[in-house]
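Convention: sequence-line order gives letters A, B, ...; per-chain numbering from 1.
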2 protein chains.
Amino acid sequence: MKRIADSTVRRLSMYLRYLEDLDTRGQQTASSDELAHLCGTTPAQVRKDLSFFGSFGKRGLGYPVHELTAHLREILGLQREWKVLIIGAGKIGAALANYRGFRQRGFTVAGVYDNDPHKVGQPWGEAIVRPMDALEADLNRDDAPIAVLAIPAEGAQAVVDRLVKAGVRAILNFAPTQITVPPHVNLKSVNMAMELEGLSFALTNPGYLDEGAA
Amino acid sequence: MKRIADSTVRRLSMYLRYLEDLDTRGQQTASSDELAHLCGTTPAQVRKDLSFFGSFGKRGLGYPVHELTAHLREILGLQREWKVLIIGAGKIGAALANYRGFRQRGFTVAGVYDNDPHKVGQPWGEAIVRPMDALEADLNRDDAPIAVLAIPAEGAQAVVDRLVKAGVRAILNFAPTQITVPPHVNLKSVNMAMELEGLSFALTNPGYLDEGAA
DNA sequence: CCCTGCTTGTGAACAATTTCACAAGCTCTA
DNA sequence: TAGAGCTTGTGAAATTGTTCACAAGCAGGG
Ligand SMILES: NC(=O)c1ccc[n+]([C@@H]2O[C@H](COP(=O)([O-])OP(=O)(O)OC[C@H]3O[C@@H](n4cnc5c(N)ncnc54)[C@H](O)[C@@H]3O)[C@@H](O)[C@H]2O)c1
Ligand SMILES: NC(=O)c1ccc[n+]([C@@H]2O[C@H](COP(=O)([O-])OP(=O)(O)OC[C@H]3O[C@@H](n4cnc5c(N)ncnc54)[C@H](O)[C@@H]3O)[C@@H](O)[C@H]2O)c1
């Protein structure tokens, strides 16, 4: 089984988004060229990405939109519902909990946790903020394999260790700090300050960069 | 002038974060090995990254923490203040506007814009929400070179075109859609649904991936 | 039924990035 | 001043990711 690059998975995700659009508009087929234009990549890249998982297209015609949508959903593991735990009932946590984009893709918020006694027990969107103490018991009862970490950097590693020990195998981290996890746990970090600093670098050193793409 | 990889810039940003920590703790020097461990990379990578910009270390000793911090700040363009415009006074916009991590690095929110008449004029953190109509005039008066886009995907490209026309040369986009800009404009997109889908893929296809790093 | 036009799937070439490996250089000690 | 012990800086090698180019294959028209 070949290793799939992270960049490939991100593109699959993007293909899916645009295929869903085309599908709801009733379009039957889409060529690699059309998909590439929609997603800001190249036709060869689209074909190569898809070819890792099978032959979904018809030569001369393109890819069947509806079928390919289903295939991509399966490849990405989106046929099922994923329960998501949000750790940290702060501003970022609040934005994420209400984010429509997650629910649309089958991610449902199974619980929100915080260690601030003033927040615990408060209603929070459709949920009620739960105490950190409840974490382990809740996980046994109803295991939520994806955790979103939205707490300050200081406590982040300790909470991650606890999540891992409790059986969580995927973590999306928003705290701006380096987190380490054992090899069987999947970790992704989003660091917004880093993105802004990338822009600062590009503006400051125009000579070092070529394109304005992203 | 050599092209600097995006991944290199991201790591520089991380080195800076940890060097600042070491500096406030009074540590004089740091070896590439120490930095690598802190940042989750390799010593060779640290040295190669830094070597693109000069020779900052002393053989046998390591890098002078305080000096290197200053160098990195300069390389990343962080000695100055960057004005940031937030477009979209919604949940994500609110979280970002109050994000301490931005101000710490010299990014200050110069204005928040929205097209919802109910939001325009309302106080919003320390600012007051301004109407989109005011954008062009405000930019002439006090040009803010970085814009953060926190509005729904539908209107995003149109607003970007308007920002570009008004002279904005760097955009951080949170709308989950493909945006195109002319070559002289720097665009970065953060797509959280894509990150979660990456985790879903990793959980679904454990055979395709090796490591749990990020 | 065959020919034309188009588009896929994919090995091979190419490009970018990371890792390796080691000479060069600094500091400290005797 | 010479030698030991570290650690940097950097070409070269290895690895990873992207682009090219074209044979193979399908559809529709004459
Ligand atoms: N606000 C943003 O735009 C933004 C952007 C990028 C990253 N971040 C990062 O996301 C994290 C959260 O940011 P925020 O703005 O939502 O902060 P916040 O202060 O609004 O919320 C943090 C919440 O986490 C809770 N908390 C703290 N320690 C905890 C622990 N050990 N266990 C459980 N809960 C704990 C606090 O009680 C609080 O409710 C921070 O690391 C921040 O750097 C924020
Ligand atoms: N909430 C999240 O966690 C989250 C996460 C990732 C991405 N996003 C994306 O960020 C964007 C904003 O999300 P949100 O949750 O803050 O939504 P929101 O509905 O809370 O806020 C959007 C704001 O943008 C304003 N707006 C809409 N169209 C506009 C236009 N043309 N010009 C100016 N203002 C306009 C609206 O009036 C509203 O105030 C969306 O594209 C969303 O998909 C949100």
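- In this structure, the CG atom of A/Leu50 is 16 Å from the P atom of C/dT7, given to the nearest Å.
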- Where do A/Glu34 and A/Gln27 land on the side-chain hydrogen bond (donor to acceptor under 3.5 Å, both in side chains) test, with the steps shown first? CA-CA 12 Å; A/Glu34 179 171 11; A/Gln27 187 168 329; 2.9 Å; yes
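- Atoms CZ (B/Phe56) and C1' (D/dT8) sit 13 Å apart, rounded to a whole Å.
- With respect to A/Glu136 and A/Lys165, no salt bridge is recorded, no charged nitrogen being found less than 4.0 Å from a carboxylate O.
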- Query: Taking protein heavy atoms under 4.0 Å as touching, what does nucleotides 22-30 of chain D look like 5' to 3' if B marks base contact, S marks sugar-phosphate-only contact and - marks none?
  - Reply: -BBBBS---
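- Atom CD of B/Gln28 is separated from atom C1' of C/dC26 by 17 Å (rounded to the nearest Å).
- Looking at heavy atoms from C-beta onward, A/Leu163 lies in side-chain contact with A/Leu135 at the 4.5 angstrom threshold.
- Going from atom CG of A/Asp49 over to atom C1' of D/dG17 covers 10 Å, rounded to whole Å.
- Atoms CG (B/Asp33) and P (D/dG9) sit 14 Å apart, rounded to a whole Å.
- Between B/Ser32 and D/dT7 there is no side-chain polar atom (N or O) within less than 4.0 angstrom of OP1 or OP2.
- Using a cutoff of 4.0 Å between basic side-chain nitrogens and carboxylate oxygens, A/Arg11 and A/Asp6 are not scored as salt-bridged.
- In this structure, B/Glu20 pairs ionically with B/Arg73, as a charged nitrogen and a carboxylate oxygen lie closer than 4.0 Å.
- Not one side-chain nitrogen or oxygen of A/Ser7 sits closer than 4.0 Å to the OP1 or OP2 atom of D/dG17.
- Summarising the geometry, the separation between CG on B/Leu35 and C1' on D/dT8 is reported as 13 Å, rounded to the nearest angstrom.
- In this structure, the CG atom of B/Asp6 is 16 Å from the C1' atom of C/dA15, given to the nearest Å.
- In this structure, B/Glu126 pairs ionically with B/Arg103, as a charged nitrogen and a carboxylate oxygen lie closer than 4.0 Å.
- Taking the nucleotide of DNA chain D with the nearest heavy atom to each of A/Ala44 and B/Tyr63, the more 5' of the two is matched to B/Tyr63.
- The side chain of B/Gln45 places an N or O atom within less than 4.0 Å of a non-bridging phosphate oxygen (OP1 or OP2) of C/dT19.
- A residue-by-residue look at B/Lys48 and B/Pro43 shows that B/Pro43 has its nearest nucleotide of DNA chain D further toward the 5' end.
- Look at NE2 on A/His71: it is 15 Å from P on C/dT8, rounded to the nearest Å.
- The shortest distance between side-chain heavy atoms of B/Glu154 and B/Thr177 does not fall below 4.5 Å.
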